[in-house]
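What you see below is based on every heavy atom in this structure, not just the backbone, and it leaves out hydrogens, waters and symmetry mates. Naming: A, B, ... by sequence-line order, numbering from 1 per chain.
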Protein chains: 2
Amino acid sequence: MGFRFVKNNFVRLYNAVWIAKSNKMQLTQYTDFSLRVLIYLSQKKPGELATISEIAGFYGISRNHLVKVVHNLATYGFIQTTRGKNGGMCLARPAAEIGIGEVVRHTEPNLDIAECFNKENNSCVISPVCALKSILDDARNSFMQTLDRYTIANALSQQHGLSKKINIEFLR
Amino acid sequence: MGFRFVKNNFVRLYNAVWIAKSNKMQLTQYTDFSLRVLIYLSQKKPGELATISEIAGFYGISRNHLVKVVHNLATYGFIQTTRGKNGGMCLARPAAEIGIGEVVRHTEPNLDIAECFNKENNSCVISPVCALKSILDDARNSFMQTLDRYTIANALSQQHGLSKKINIEFLR
DNA sequence: TTATAAAATGCATTTTGTATACATCAATAG
DNA sequence: CTATTGATGTATACAAAATGCATTTTATAA
């Protein structure tokens with residue numbers, strides 16, 4: 001489902017050795033859906049609106065979940081929404097001006113925080129001398145900086161004439 | 001607790017807007033504990049063993065959980081364990097030769113997989129033309145490559161004489 | 001002005017994975 | 001043989017994501 005790292009057959013035993021599929025260090029479906037909505041909208045003609053039901057139907061995903069995703073995207077100014085009959089949504093900016101990292105930052109909240117010593121909760125006795133916080137900070141920054149090099153416009157492969165094919169599907 | 005990004009006061013509404021603390025895109029306690037065990041062991045004198053109870057007591061964490069962590073670390077050759085009376089564990093290699101990335105790869109299984117089109121589960125209609133998979137691959141590789149630049153020996157700050165202080169605490 | 005269609009909002013429920021507890025088994029020292 | 005320590009497997013608790021449902025608000029068309 002989508003591009004996520006999630007839901008594969010890799011099984012690890014967690015008790016004893018590794019048991020089940022982990023879902024940490026992965027983006028949420030929330031982010032997945034957010035990006036896919038933006039990709040969908042990027043294929044619309046200028047001025048044309050898409051509805052939540054239309055997008056949910058296209059991808060075959062939960063309409064209810066998408067409602068929240070769309071609202072969030074609107075709140076942070078990635079899309080513009082119009083209520084009422086013939087309403088819908090469209091990109092608030094050109095796809096080439098919407099950074100993947102920017103979107104992820106608004107859908108994966110804890111990315112910005114590497115909290116080693118939470119004032120209340122810190123119970124790690126070595127935190128005063130522990131450098132892991134900065135090491136992980138460093139790694140997470142690398143992750144986000146890489147995402148920042150891409151935009152929604154980069155998210156569809158332009159090779160092999162497939163973008164034309166997808167247009168047809170999208171706007172059928 | 002520890003260095004993790006987890007458990008902070010950042011609250012987002014998830015329904016409607018954002019509700020609760022997300023815990024995605026974060027390392028598990030499993031990894032947290034794994035690294036902390038290795039850090040602890042790196043402060044032991046050569047030949048000296050530590051027990052699970054000792055480490056659990058030192059950090060004030062669940063002994064039961066630590067049992068699995070230790071077993072996993074032994075399975076992948078990071079530590080050597082000895083059962084029975086006067087048993088315990090020690091590092092299998094010098095701390096400077098144990099990479100953070102290497103450890104994380106053995107405790108966060110799904111890091112290696114950016115599965116966009118799972119043979120059975122793929123339901124994303126645009127996956128044939130979707131470039132998000134490679135974009136996320138790229139970002140995740142940046143993350144891991146950064147971790148690969150550090151070892152367990154780098155995980156304790158050597159500044160301000162704190163490493164001496166921690167030694168005392170550790171080996172008291 | 002009324003009917004309709006769309007997003008906005010809030011709450012409830014289900015699902016899933018992590019964390020934890022608990023109960024034994026296996027091995028080693030003395 | 002017995003005590004101690006890791007190894008192993010099962011069961012339970014909890015938190016967060018995902019999903020579903022109901023209602024409200026807003027805008028447009030007829």
Nucleotide nearest B:H71 (side chain, heavy atoms from C-beta), chosen from D:dT8, C:dA7, D:dT19: D:dT8
Length of the line joining A:R83:CZ and C:dT9:P, which is rounded to integer Å: 7 Å
B:N86 side chain near D:dT4 phosphate (N/O to OP1/OP2, under 4.0 Å): no
Side chain of B:Q29 - closest among C:dA19, C:dA27, D:dA29: C:dA19
Shortest side-chain distance from A:R63, nucleotide among C:dA21, C:dA7, D:dG6: C:dA7
Spacing between A:L49 atom CG and C:dA7 atom C1', to the nearest angstrom: 12 Å
Closest-nucleotide ordering on DNA chain D, the 5'-leading residue of A:S62 and A:G84: A:S62
Side chain B:K68 and base D:dG6 donor-acceptor under 3.5 Å: no
Between P of C:dA5 and CD1 of A:I52, the distance in whole Å: 16 Å
Whether A:F33 and A:H65 hold their rings parallel, tilted or perpendicular, with breakpoints at 30° and 60°: perpendicular
Gap between atoms CE and P, on B:M89 and C:dA27 respectively (whole Å): 18 Å
Proximity to the side chain of A:H65 - top-ranked nucleotide from C:dT9, C:dA7, D:dT19: D:dT19
Sugar-phosphate, base or nothing in reach of A:T82, heavy atoms under 4.0 Å: sugar-phosphate
Ion pair check, B:E54 and B:K44, cut-off under 4.0 Å: yes
B:M89 side chain reached by B:L41 side chain, heavy atoms, under 4.5 Å: yes
Distance in angstrom units between A:Q80 CD and C:dA6 C1', rounded: 16 Å
Interatomic distance where CZ belongs to B:R36 and P belongs to C:dA19 [whole Å]: 12 Å
Distance, rounded to the nearest Å, where A:N64 contributes CG and D:dA17 contributes P: 17 Å
Donor on one side chain, acceptor on other, A:T146 and B:S142, under 3.5 Å: yes
Separation of atom CD1 in A:I79 from atom C1' in C:dA6, rounded to whole Å: 13 Å
Minimum-distance nucleotide (side-chain atoms of B:K85 versus D:dA3, C:dA6, D:dT19): D:dA3
A:V103 side chain reached by A:I98 side chain, heavy atoms, under 4.5 Å: yes
Among D:dA18, D:dG6, C:dA8, the one nearest A:Y30 by side-chain distance: D:dA18
Nearest-nucleotide pick for A:T81, side chain only, options being C:dA7, C:dT20, D:dA7: C:dA7
